[in-house]
Q: 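This is the structure I have questions about; it appears just below.
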Amino acid sequence: MGKLLIVGTVAFDAIETPFGKTDKILGGAATYIGLSASQFGIDSGIISVVGGDFPQEYLNMLNSKHIDTSGIEIKPEGKTFFWSGKYHNDLNTRDTLITDLNVLADFNPVVPDKFTDCDFLMLGNLHPSVQMSVIKQIPKRPKLVVLDTMNFWMDNTLEELLEVIKKIDVITINDEEARQLSGEYSLVKAAEKIHRMGPKYVVIKKGEHGALLFHDGNVFFAPALPLEEVFDPTGAGDTFAGGFVGYLASTYDISFENMKRAIIFGSNLASFCVEKFGTERMENLSQREIQNRLKQFKELTQFEIELN
Ligand code: AMP
């Protein structure tokens with residue numbers, strides 16, 4: 001079993017969907033990644049920063065899932081990163097209403113000694129210079145480095161982002177971001193171009209339409225489970241990435257065949273995340289529920305066909 005280090009935001013989110021509205025609740029990319037990866041019983045830790053306004057009970061909750069939070073710096077005088085978003089009726093698109101960087105504006109991540117020997121490194125959505133700083137603090141290259149990013153960093157810090165992309169093994173981005181990064185409309189061509197930028201594995205997330213994994217001329221596709229109710233898509237992409245890397249860390253196997261299973265585990269966990277506001281569903285998820293839904297996944301994708 002591998003040790004997983006996660007870097008990303010730990011945040012307050014205020015979310016509005018067609019079904020309701022929340023005040024400031026727990027959010028952040030690293031929070032979703034950590035909760036998702038924790039389902040595999042691995043040794044994991046988060047590197048992030050929060051303000052004095054961040055409740056200790058949230059840290060306790062993460063600790064109760066065996067997520068090490070000693071790498072989450074608390075700046076008593078500062079305020080926690082705050083993001084607010086409003087979803088459109090289709091739930092596939094959203095407007096960002098507020099992004100207050102607060103303590104994140106001058107964040108210098110420090111990797112605790114006990115995580116400098118991590119086997120798996122998950123670089124969650126953050127400023128590329130923070131992602132690079134974490135890479136540089138790890139003396140021996142991890143077995144696998146996975147990166148998640150978004151259009152915001154492509155628009156504002158492309159050169160720095162490209163430097164990070166050179167150093168990683170797997171990139172997870174959504175379809176629009178893959179098109180923006182590569183300048184190609186076809187996702188097959190986009191993946192080819194992104195391979196040439198560095199990563200041997202390219203994962204393209206297509207929301208309710210599933211996810212694609214590209215590697216060395218091979219493609220694998222996993223659908224998203226058709227759900228009766230989608231309540232709040234916030235964090236689904238991060239939950240997917242957390243499930244993907246968490247499964248790989250728990251099996252210590254980074255073969256293409258195992259990555260296919262990791263994609264299924266990631267999609268499976270993301271399907272729970274969207275059922276309730278914020279992190280609520282991921283905080284209260286049983287192994288039985290996960291297994292039952294995996295069965296549904298199998299049934300959804302299996303078919304018999306005779307080939308001549
Ligand atoms: P997702 O729905 O997977 O895109 O992730 C949503 C999470 O990302 C929320 O919990 C936010 O706190 C966090 N987030 C929003 N904007 C940013 C940003 N610019 N950088 C890092 N994290 C962000």
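Just so you know, ligand 1 is whichever comes first in the structure, and atom 1 is the first atom listed for that ligand.
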Q: Phe82 near ligand 1, heavy-atom distance under 4.0 Å?
A: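 Contact check Phe82 vs ligand 1: negative.
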
Q: Applying salt bridge (Lys or Arg N to Asp or Glu O under 4.0 Å) as the test, list every pair that has at least one member in residues 250-268; sequence neighbours left out.
A: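 Every pair satisfying salt bridge (Lys or Arg N to Asp or Glu O under 4.0 Å) with a residue in residues 250-268: Glu257-Lys260.
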
Q: Could you tell me whether some N/O pair between Trp153 and ligand 1 is separated by less than 3.5 angstrom?
A: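 No - when backbone and side-chain N and O of Trp153 are compared with those of ligand 1, no distance drops under 3.5 Å.
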
Q: Is any N or O atom of Thr9, backbone or side chain, closer than 3.5 Å to an N or O atom of ligand 1?
A: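 Yes; the residue has a nitrogen or oxygen that sits under 3.5 Å from a nitrogen or oxygen of the ligand.
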
Q: Hey, does Phe81 come in under 3.5 Å of ligand 1, counting only N/O atoms on both sides?
A: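 So ligand 1 has no N or O lying under 3.5 Å from an N or O of Phe81.
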
Q: Examine the proximity of ligand 1 to Asp13 and report which part, side chain or backbone, both or neither, has a heavy atom under 4.0 Å away.
A: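 Contact part for Asp13 vs ligand 1: side chain (C-beta onward).
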
Q: Which atoms of ligand 1 sit under 4.0 Å from any heavy atom of Gly28?
A: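 Listed by number with element: 9 (C), 10 (O), 12 (O).
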
Q: Would you say the side chains of Thr234 and Tyr87 form a donor-acceptor pair under 3.5 Å?
A: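 Side chains of Thr234 and Tyr87: pair found under 3.5 Å.
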
Q: Can you find an N/O atom of Tyr32 closer than 3.5 Å to an N/O atom of ligand 1?
A: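 Between Tyr32 and ligand 1, no N or O pair is found under 3.5 Å apart.
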
Q: Does Ser44 offer a backbone N or O that forms a donor-acceptor pair with the side chain of His66 under 3.5 Å?
A: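 Between the backbone of Ser44 and the side chain of His66 there is no qualifying donor-acceptor contact (under 3.5 Å).
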
Q: Looking only at heavy atoms, is any part of Asn125 under 4.0 Å from ligand 1, and if so is it the side chain, the backbone, or both, or is it neither?
A: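 Both backbone and side chain.
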
Q: Can you list the atoms of ligand 1 that are under 4.0 Å from a heavy atom of Gly27?
A: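 Checking each atom against Gly27, I get 10 (O).
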
Q: Side chain or backbone of Lys205 under 4.0 Å from ligand 1, or both, or neither, by non-hydrogen atoms?
A: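 For Lys205, no heavy atom sits under 4.0 Å from ligand 1.
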
